[in-house]
Amino acid sequence: MMKFIKNFRKDENGAVTVDWVVLTAAVVGLAVAAYTSIETGSKELTADTDKFLQAQDPN
């Protein structure tokens with residue numbers, strides 16, 4: 001049993017998986033934040049453009 005515990009403690013295969021999961025979650029979080037920022041900015045720009053065009057006189 002002690003041999004199993006020592007081998008288990010030295011084994012680092014699972015640690016790499018945890019690192020990749022954390023990194024992937026961070027990348028997804030940053031992508032969501034960027035998408036939200038871009039979406040908000042584009043909606044505001046579209047609304048401002050619409051207001052400007054509606055105010056123009058076609059004559």
Side-chain angles (χ1 to χ4, degrees):
M1 184 68 163
M2 287 301 287
K3 185 177 180 180
F4 172 75
I5 292 173
K6 286 180 184 179
N7 286 338
F8 181 77
R9 199 176 94 189
K10 291 180 183 178
D11 188 17
E12 295 184 4
N13 288 335
V16 174
T17 302
V18 171
D19 290 343
W20 278 106
V21 168
V22 170
L23 287 172
T24 302
V27 168
V28 169
L30 288 172
V32 168
Y35 174 78
T36 303
S37 175
I38 292 170
E39 180 185 27
T40 303
S42 65
K43 283 183 180 179
E44 290 175 3
L45 178 63
T46 302
D48 291 344
T49 304
D50 182 51
K51 287 178 188 175
F52 175 77
L53 291 175
Q54 293 295 329
Q56 299 303 309
D57 186 21
N59 292 328

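These values consider heavy atoms only, across backbone and side chains, with no hydrogens, waters or symmetry-generated copies. Count residues from 1 along the sequence.
The distance from atom CD of Glu44 to atom CD of Glu39, rounded to the nearest 0.5 Å, is 11.0 Å.
A donor-acceptor pair is defined here as one N or O able to donate and one able to accept, closer than 3.5 Å; such a pair exists between the side chain of Thr40 and the backbone of Thr36.
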May I have the step-by-step check of side chain to side chain contact (heavy atoms under 4.5 Å, CB included) for Leu45 and Thr49, ending in yes or no?
CA-CA 6 Å; Leu45 178 63; Thr49 304; 4.1 Å; yes
